[in-house]
Amino acid sequence: MNVLLETGRLKLRTWRMDDLQDFYNYAKDPDVGPWAGWKPHGSIEDSREILERWVNNTDKNDIKLALEDKATGKVIGSIGIEPDGSRPNVEGCRSLGYVLGKDYWGRGLMTEAVRAAIDYAFRVLKLRLLTVTHYTINQRSRRVIEKSGFTYEGTLRSGSVIYNGEERDLCCYSMRAWEYWAMRAKEAGFTMELPENIDRHELEAMQKEFIDVDNDVTPYGLDPMGLNFERWLERNIAWRYFVPKPTSARATLYILTSPHTGPAGALDLRHYLTERLMNGGGNIGYGIRPSQRGNGFAPYMLGLGIEKAKEMVLDKALVCCDDDNPASAHTIEDCGGRLENVADGLRRYWIII
């Protein structure tokens with residue numbers, strides 16, 4: 001499988017045998033391999049043996065990429081997205097690993113490469129969970145991981161035995177798919193706001209657009225249902241604390257907005273599941289404003305919505321969509337949704353929080 005990713009200063013690409021000399025040049029350095037737990041290459045034949053395996057690898061779940069410096073055309077390191085040996089049975093889980101030649105340390109190049117690899121992992125490979133580790137002695141790697149947005153899980157004492165028999169403690173991190181989309185949403189300027197904090201005229205315009213253009217997918221909490229704005233808002237706020245019938249659940253309506261789009265969508269977050277919601281609506285219902293569709297905002301909103309669910313201390317969320325709505329299904333899957341079943345034309349997904 002040929003892969004080519006580009007950043008401002010780097011190409012992340014499939015390895016070639018003519019990269020052998022560059023590979024050996026950084027892999028023989030005694031200050032490089034031991035930080036990642038592997039023995040410095042003793043000869044170019046050591047490098048050739050490893051490179052041949054990488055070049056001839058056909059396992060689509062084990063991706064090894066060369067880091068090429070655009071300025072010189074030299075390969076200066078590597079990055080991989082490979083099976084996580086600690087989670088072999090977790091569907092959609094891979095582990096990130098990387099190394100950079102010593103001459104290129106301290107320039108932010110690895111943070112640049114890791115960002116591109118994370119984007120590829122979640123946008124192309126559609127992973128549900130990406131993990132990464134570093135040894136406690138490797139503070140440079142720690143800084144890269146933290147800058148990249150991973151969540152610290154803990155330190156596994158004697159988590160690894162390296163090539164010389166030394167036991168090393170292993171710091172463990174991970175990123176779920178919904179966390180990735182929430183992070184990118186914030187970088188793009190998006191937030192989830194309560195309706196009372198949105199300009200009334202902008203919010204009413206979005207309500208009207210949903211009803212006029214595509215009323216069938218108007219998020220339940222956004223629909224005024226014939227009420228004037230003041231009464232609708234009052235009812236909406238009240239539903240966060242109590243509901244008029246036991247088949248309903250307390251719910252909070254959030255508005256997706258940014259400085260460059262204004263209100264771009266709405267999301268209902270139900271605080272718990274009733275029997276009716278278990279069989280239908282789930283914890284989350286959402287919709288992108290008709291005029292904003294096609295811009296890739298849906299996973300932004302769902303990722304931010306799951307983040308709100310985490311703040312409510314939910315450990316998982318049920319998200320449903322019609323079986324004939326592939327766009328919504330793709331959004332849920334992008335955010336890590338795992339399909340439980342399809343029944344009566346409804347696809348039911350669970351997203352682990």
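Since this is a predicted model, take the numbers as computed values, not measurements. Residue numbers run from 1 in the order of the sequence given.
The 12-atom threshold is exceeded at NZ of K70, counting heavy atoms of other residues, nucleotides or ligands nearer than 6.0 Å. Around atom NE2 of H201, no more than 12 heavy atoms belonging to other residues, nucleotides or ligands sit under 6.0 Å away. Within 6.0 Å of the NZ atom in K308, the count of heavy atoms belonging to other residues, nucleotides or ligands exceeds 12. Around the CD1 atom of I352, the shell of radius 6.0 Å holds no more than 12 heavy atoms that belong to other residues, nucleotides or ligands. Within a 6.0 Å sphere centred on CG of D344, heavy atoms belonging to other residues, nucleotides or ligands number 12 at most.
N279 and E275 are not linked by any side-chain donor-acceptor pair at a separation below 3.5 angstrom, with hydrogens and angles left out of the test. Side-chain contact check for Q292 and T261: no donor-acceptor pair (N or O, by modelled atom type) lies under 3.5 Å. Using modelled atom types and a 3.5 Å distance limit, the side chains of T257 and E193 yield no donor-acceptor pair. Under the 3.5 Å distance criterion, with hydrogens and angles disregarded, no donor-acceptor pair is assigned to the side chains of D334 and T331. Remark: the E45 side chain and the S43 side chain contain no N/O donor-acceptor pair separated by less than 3.5 Å.
Between atom CD of residue E234 and atom CH2 of residue W239 there is a gap of 12.5 Å, rounded to the nearest 0.5 Å. Annotation: the span from I284 atom CD1 to I351 atom CD1 amounts to 6.5 Å, rounded to 0.5 Å. Rounding to the nearest 0.5 angstrom, the gap separating the OG atom in S160 from the CG atom in L170 is 6.0 Å. Here the straight-line distance linking atom CD1 of I288 with atom CE of M206 works out to 9.0 Å at 0.5 Å rounding.
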| request: Could you go through the side-chain contact (heavy atoms from CB on, under 4.5 Å) check for E209 and R289 one step at a time? | output: CA-CA 7 Å; E209 186 177 321; R289 185 176 187 165; 2.9 Å; yes

| Audit row: L109, D69, side-chain contact (heavy atoms from CB on, under 4.5 Å) steps and yes/no | CA-CA 9 Å; L109 288 165; D69 178 18; 5.8 Å; no

| said: Apply side-chain contact (heavy atoms from CB on, under 4.5 Å) to residues M183 and E307 and explain how you reach the verdict. | reply: CA-CA 10 Å; M183 176 174 65; E307 186 173 69; over 6 Å; no

| message | Could you walk me through whether T136 and D169 satisfy the side chain to side chain donor-acceptor pair (under 3.5 Å) test, starting with their C-alpha distance in whole Å, then the side-chain angles of each, then the deciding distance to 0.1 Å, before giving a yes or no? | response | CA-CA 6 Å; T136 50; D169 293 348; 4.9 Å; no

| said: Run R53 and E49 through salt bridge (Lys or Arg N to Asp or Glu O under 4.0 Å) and show every step you take. | reply: CA-CA 7 Å; R53 290 202 304 268; E49 181 181 346; 3.8 Å; yes

| After noting the C-alpha distance and the side-chain angles of N164 and K39, does the key distance pass the side-chain contact (heavy atoms from CB on, under 4.5 Å) rule? | CA-CA 8 Å; N164 61 2; K39 184 179 180 180; over 6 Å; no

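With sequence neighbours left out, F229 forms a ring pair (Phe, Tyr, Trp, His ring centres under 6.0 Å) with W232. A search for ring pair (Phe, Tyr, Trp, His ring centres under 6.0 Å) contacts involving W15 returns F23, W54, not counting sequence neighbours. Every residue meeting the ring pair (Phe, Tyr, Trp, His ring centres under 6.0 Å) condition with Y173, not counting sequence neighbours, appears here in chain and number order: H134, Y152. Here R168 pairs with E166 under the salt bridge (charged side-chain N to carboxylate O under 4.0 Å, His left out) rule; sequence neighbours left out. Under the salt bridge (charged side-chain N to carboxylate O under 4.0 Å, His left out) criterion, D199 pairs with no residue at all, not counting sequence neighbours. Every residue two or more places apart in sequence or in another chain was checked for a ring pair (Phe, Tyr, Trp, His ring centres under 6.0 Å) with Y286, and none qualifies. In terms of the salt bridge (charged side-chain N to carboxylate O under 4.0 Å, His left out) criterion, R235 has no residue partners (sequence neighbours excluded). Residues satisfying the side-chain contact (heavy atoms from CB on, under 4.5 Å) criterion with D59, sequence neighbours excluded, are N57, N61, D62. Taking the side-chain contact (heavy atoms from CB on, under 4.5 Å) definition, one finds that A249 meets it with R270, Y272, T274, L277, sequence neighbours left out. In this view, R338 and E91 satisfy the salt bridge (charged side-chain N to carboxylate O under 4.0 Å, His left out) rule, not counting sequence neighbours.
Of all heavy-atom pairs spanning L129 and R176, the tightest one is CD1-CG, 3.8 Å. Smallest separation of non-hydrogen atoms from A264 and F190: CB-CE2, 4.4 Å. Shown here for S174 and E179, the closest heavy-atom pair between the two residues is O-OE1, 4.4 Å. Closest heavy-atom contact between Q207 and P224: NE2-CD, 4.0 Å. Pairing each heavy atom of G305 with each of L269, the nearest pair is O-CD2, 4.3 Å. Minimum heavy-atom separation, A113 to L67: CB-CD2, 4.0 Å.
Taking the side chain as every heavy atom from C-beta outward, D119 and R184 approach each other to under 4.5 Å. Side-chain atoms of R200 and L233, non-hydrogen and from C-beta on, never get closer than 4.5 Å to each other. Side-chain atoms of I306 and I353, non-hydrogen and from C-beta on, do get closer than 4.5 Å to each other. In this structure, the side chains of I162 and P34 stay at 4.5 Å or more apart for every pair of heavy atoms. L10 has its side chain out of reach of L5: every pair of non-hydrogen atoms, C-beta onward, lies at least 4.5 Å apart. The closest side-chain heavy-atom distance from K186 to L304 is below 4.5 Å. Between V124 and V3 the shortest side-chain heavy-atom distance does not fall below 4.5 Å. The closest side-chain heavy-atom distance from E333 to R128 is not below 4.5 Å.
Without hydrogens or angle criteria, D322 side chain to N325 main chain gives no donor-acceptor distance under 3.5 Å. Judged by distance alone, the side chain of S95 and the main-chain N or O of E82 form no donor-acceptor pair under 3.5 Å. Proximity of a side-chain donor or acceptor of N236 to a complementary backbone N or O of G221 within less than 3.5 Å is detected.
For the salt bridge (charged side-chain N to carboxylate O under 4.0 Å, His left out) criterion with D19, the lone passing option out of K74, R48, R13 is R13. Tested against S141 for a side-chain hydrogen bond (donor to acceptor under 3.5 Å, both in side chains), the candidates Y135, Y98, W35 yield a single pass: Y98.
Counting only residues at least two apart or in different chains, ring pair (Phe, Tyr, Trp, His ring centres under 6.0 Å) contacts with residues 334-353 are absent. Residue pairs meeting the side chain to side chain donor-acceptor pair (under 3.5 Å) criterion with at least one member in residues 310-321, sequence neighbours excluded, do not occur.
Relative ring orientation between F122 and Y180 is described as parallel, the plane-to-plane angle staying below 30° on a 0-90° scale split at 30° and 60°.
Taking the centre of each ring, Y26 and H41 stay at or above the 6.0 Å mark.
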